[in-house]
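Taking it in order: structure first as structure tokens, then the write-up.
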Amino acid sequence: MRAIWKNTILAESDTTIEVDGNHYFPPSSLRWEFFKPSTRHSVCSRKGEASYYSLQVGHFENPDAAWTYPQPQEKAKDIEGFIAFWKGVQVVSTN
């Protein structure tokens, strides 16, 4: 799978985990130079508290467009630290 925004590959991995229709990318697959920590947080009753990242590609910014569960609930431990996307980021198959 590949995550793309503004014609830029943000992440690429053969080992994403799909949960609730979202592909979660392992942290090692991200191009971290495009990610900036955000102050946004949200809570999922099944997964726990999510932390967000904003994306910066050139002079374009996409606030809070990626999220992670740094300390998920026990039933979501398999996605701990993995990153998912929304807000216009395309997640496509590389096959």
Next on the checklist: I'd like to know whether Ile4 forms a side-chain contact (heavy atoms from CB on, under 4.5 Å) with Val92, so could you lay out the CA-CA distance, the side-chain angles of the two residues, the decisive distance to 0.1 Å, and finally the verdict.
Outcome noted: CA-CA 8 Å; Ile4 303 168; Val92 297; 4.0 Å; yes
Checklist entry - Would you call Glu61 and Lys36 a salt bridge, using N to O less than 4.0 angstrom? => result yes
Checklist entry - Quick one: are Asn22 and Trp86 in side-chain contact, heavy atoms under 4.5 Å? => result no
Checklist outcome for this item: Residues at least two apart in sequence or cross-chain that pass ring-ring contact (aromatic ring centres under 6.0 Å, His included) with Phe25, listed by chain then number, are Phe85
Checklist entry - Going through the checks in order, is the side-chain contact (heavy atoms from CB on, under 4.5 Å) test met by Val57 and Asn7? => result CA-CA 9 Å; Val57 174; Asn7 296 316; over 6 Å; no
Checklist entry - Between Phe34 and Thr8, does a side-chain contact (heavy atoms from CB on, under 4.5 Å) hold up when you go through it step by step? => result CA-CA 9 Å; Phe34 299 116; Thr8 301; 3.5 Å; yes
Next on the checklist: If hydrophobic clusters are built by linking Ile, Leu, Val, Met, Phe, Trp and Tyr wherever their side-chain heavy atoms come under 4.5 Å apart, do Leu30 and Tyr24 end up in the same one?
Outcome noted: no
Next on the checklist: Can you confirm whether or not the ring centre of Trp32 sits under 6.0 Å from the ring centre of Tyr53?
Outcome noted: yes
Item to check | Approximate separation, where rounding is to 0.5 Å, of Lys6 NZ and His59 NE2 | outcome: 8.0 Å
Next on the checklist: I need the full list of salt bridge (charged side-chain N to carboxylate O under 4.0 Å, His left out) pairs touching residues 66-78, with sequence neighbours left out, sorted by first then second residue.
Outcome noted: Lys77-Glu80
Checklist entry - What is the distance from atom CG of Leu10 to atom CD of Glu33, rounded to the nearest 0.5 Å? => result 9.0 Å
Checklist entry - Can you list the steps and then say if Phe35 with Ile83 is a side-chain contact (heavy atoms from CB on, under 4.5 Å)? => result CA-CA 11 Å; Phe35 292 75; Ile83 308 288; 4.3 Å; yes
Checklist entry - In terms of heavy-atom contacts, does CD of Glu18 have more than 12 from other residues, nucleotides or ligands at under 6.0 Å? => result yes
Next on the checklist: When you measure from the side chain of Asn62 to the backbone of Gly88, do you find a donor-acceptor pair of N or O atoms at a distance under 3.5 Å?
Outcome noted: no
Checklist entry - Within the distance-only criterion (no hydrogens, no angle test), does the side chain of Arg2 pair as donor or acceptor with the backbone N or O of Ile9 below 3.5 angstrom? => result no
Checklist outcome for this item: Tightest non-hydrogen contact, residues Met1 and Val91, listed as CE-CG1, 3.7 Å
Item to check | Flag, side chain of Ser29 to backbone of Pro27, donor-acceptor distance under 3.5 Å | outcome: no
Checklist entry - What heavy-atom pair brings Val89 and Trp5 nearest, and what distance separates the two atoms? => result CG2-CB, 4.1 Å
Give the table of side-chain donor-acceptor pairs shorter than 3.5 Å for residues 38-49, with sequence neighbours excluded, one pair per line with atom names and distance.
unit_1 : atom_1 : unit_2 : atom_2 : d
Ser38  : OG     : Arg40  : N      : 3.1
Ser38  : OG     : Asp64  : OD1    : 2.4
His41  : ND1    : Ala50  : O      : 3.4
His41  : ND1    : Ser51  : OG     : 3.3
Ser42  : OG     : Tyr52  : OH     : 2.8
Arg46  : NH2    : Asp20  : OD1    : 3.2
Arg46  : NH2    : Asp20  : OD2    : 2.6
Lys47  : NZ     : Asp20  : OD2    : 2.7

